[in-house]
2 protein chains.
Amino acid sequence: MALQLERATQQRAAILAAFREHPHPLLPADVHALASVHCPGLGIATVYRTIKVLLAEAVLETVNLPGESARYELKDRPHHHHFQCRACGRVFDVPGCPPSLAAYAPPGFAVDGHELTLYGRCAECLRG
Amino acid sequence: MALQLERATQQRAAILAAFREHPHPLLPADVHALASVHCPGLGIATVYRTIKVLLAEAVLETVNLPGESARYELKDRPHHHHFQCRACGRVFDVPGCPPSLAAYAPPGFAVDGHELTLYGRCAECLRG
DNA sequence: CTAGATGCAAATCGTTTGCCAGTCG
DNA sequence: CGACTGGCAAACGATTTGCATCTAG
């Protein structure tokens, strides 16, 4: 069922390059725009199909921001969270992680993961 | 404008009743189905429009689950977060909140809010 | 009466899929 | 050569909006 990329194609290389060159979560539309530079004529459907394959291969991971469509980034970075600027909408990586989040779960529940998103104003928007 | 409920209509009463009678986060489609019982012919567009107004009035709040469409619940509860069971998919409220989350933002950034979701197995699924 | 609210349908938006042509190995 | 891939456009599901009608105050 072709759920693996068995061939090394131009478009896959261009899509991976977009993620490597931009170390923050990207929307499919961003990936399409960035990868199109290296691979003119690239179709948006190919971006979606490739992202899905890369997720299955654990090369990418999904970054879900409440109320927004999913973004994706390379999974080769240490554990971190995200900050979204309410002014410009951009998303930044936030290193580190609050300790013992699992302690907040109800008794008897097993926690194996979490997502944390901070909101506010980025340094740039605060200056402007 | 019209970001306030200036008129008490049947359909708005029916929509609020659906939330009061159902202490879970509801999808717009759920609200439509539930409120239609008390208000036949209710349009889905009205549900969306009313939810938006109630959010602006801080009567409702959004519950975002990664990869799923937004749900809504009455905002009459204290600050809390959510736990989603990876086995049964249900969402539970988690009281409390890790302290000083703002400290994790990059220097120069201003934090004014956050969302936290824990994942794992609920007590029931762990037993089963 | 009159501004605001509703219903319906059409319009968007983001994402997925069908189909046929192109390409890698 | 032959299956895996990619592009295009139609299909899709969720949400929003235009517009004529209706209703609360």
Side-chain angles (χ1 to χ4, degrees), chain A residues 1-19 25-57 59-73 84 89-91, chain B residues 1-19 25-57 59-73 89 91:
Chain A
M1 280 317 303
L3 279 186
Q4 299 188 346
L5 275 185
E6 296 165 352
R7 293 187 187 180
T9 64
Q10 269 186 59
Q11 13 298 82
R12 183 193 188 188
I15 288 169
L16 278 172
F19 282 109
L26 298 176
L27 293 166
D30 297 331
V31 176
H32 182 232
L34 294 168
S36 291
V37 175
H38 296 303
C39 184
L42 176 67
I44 186 67
T46 297
V47 172
Y48 278 102
R49 278 189 283 236
T50 303
I51 285 175
K52 188 176 288 188
V53 171
L54 293 175
L55 285 173
E57 292 179 339
V59 172
L60 291 182
E61 81 186 315
T62 304
V63 176
N64 280 292
L65 296 173
E68 313 225 344
S69 42
R71 290 169 164 84
Y72 306 90
E73 65 181 356
Q84 183 172 38
R90 279 183 298 174
V91 178
Chain B
M1 283 295 300
L3 282 185
Q4 298 189 350
L5 274 185
E6 294 165 353
R7 292 188 188 181
T9 63
Q10 278 185 56
Q11 21 283 89
R12 287 177 177 184
I15 288 169
L16 277 173
F19 281 109
L26 298 176
L27 294 166
D30 297 332
V31 177
H32 183 232
L34 293 167
S36 290
V37 174
H38 297 302
C39 185
L42 176 66
I44 186 68
T46 297
V47 172
Y48 278 103
R49 277 189 282 235
T50 303
I51 285 175
K52 188 176 288 188
V53 171
L54 293 175
L55 285 173
E57 292 180 337
V59 172
L60 290 182
E61 86 186 310
T62 304
V63 178
N64 280 290
L65 300 174
E68 311 201 5
S69 42
R71 289 151 209 257
Y72 305 91
E73 65 182 356
V91 179

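Residues B/Leu16 and B/Val59 are in side-chain contact: their nearest non-hydrogen atoms beyond the backbone lie under 4.5 Å apart. Here the side chains of B/Leu55 and B/Tyr72 are in contact, with some heavy-atom distance below 4.5 Å.
Not counting sequence neighbours, A/Arg49 has no partner by the side chain to side chain donor-acceptor pair (under 3.5 Å) test. With sequence neighbours excluded, no residue forms a side-chain contact (heavy atoms from CB on, under 4.5 Å) with B/Val37. Qualifying side chain to side chain donor-acceptor pair (under 3.5 Å) partners for A/Glu73, counting only residues two or more places apart in sequence or in other chains: A/His80, A/His82. The side-chain contact (heavy atoms from CB on, under 4.5 Å) check on B/Asn64 picks up A/Pro66, B/Thr62, B/Ala70, B/Glu115, with sequence neighbours excluded. Residues satisfying the side-chain contact (heavy atoms from CB on, under 4.5 Å) criterion with A/Leu34, sequence neighbours excluded, are A/Ala18, A/His22, A/Leu26.
Between its opening and closing five pairs, the helix from C/dC1-D/dG25 to C/dG25-D/dC1 changes axis direction by 30°, a value rounded to 10 degrees.
Close to C/dT6, at under 4.0 Å from its OP1 or OP2, lies no side-chain N or O of B/Gln10. Contact annotation: B/Thr9 side-chain N/O to D/dA24 OP1/OP2 distance is not under 4.0 Å. For the OP1/OP2 pair of C/dT17 and a distance below 4.0 Å, the side-chain nitrogens and oxygens of A/Arg49 include no atom meeting the criterion.
Salt-bridge check for B/Arg12 with B/Glu57: failed, with every basic side-chain N at 4.0 Å or more from each acidic carboxylate O.
In this structure, A/Glu68 atom CD and D/dT15 atom P are separated by 15 Å, rounded to whole Å. Look at OH on B/Tyr48: it is 16 Å from P on C/dC13, rounded to the nearest Å. Here C/dG14 presents its P atom at 16 Å from CG of A/Asn64, a figure rounded to the nearest Å. Atom P of nucleotide C/dT15 and atom NZ of A/Lys52 are separated by 11 Å, given to the nearest angstrom. In this structure, B/Ile15 atom CD1 and C/dT6 atom C1' are separated by 10 Å, rounded to whole Å. Taking atom OH on B/Tyr72 and atom P on D/dT15, their separation rounds to 6 Å, with Å as the unit. In this structure, B/Leu27 atom CG and D/dG13 atom P are separated by 16 Å, rounded to whole Å. Whole-Å rounding puts the A/Asp30 CG to C/dT15 C1' distance at 15 Å.
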Between the protein and nucleotides 20-22 of chain D, list every N/O to N/O distance that falls short of 3.5 Å.
none

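Contacts between residues 31-45 of chain A and DNA chain D, defined by a heavy-atom separation below 4.0 Å, involve A/Gly41, A/Leu42, A/Gly43, A/Ala45, listed by number.
Distance from the side chain of B/Ser69 is smallest to D/dT15 among C/dG14, D/dG7, D/dT15.
Distance CD1/B/Ile15 to CD/B/Gln10: 11.5 Å, rounded to 0.5 Å. Of the inter-residue distances, the one linking A/Ile51 atom CD1 with A/Phe19 atom CZ reads 4.5 Å to the nearest 0.5 angstrom.
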Sequence neighbours left out, cut at 3.5 Å: what donor-acceptor pairs do the side chains of residues 39-48 of chain B make with other protein atoms?
none

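Residues in residues 59-69 of chain A take part in these salt bridge (charged side-chain N to carboxylate O under 4.0 Å, His left out) pairs, two or more places apart or across chains: A/Glu68-A/Arg71.
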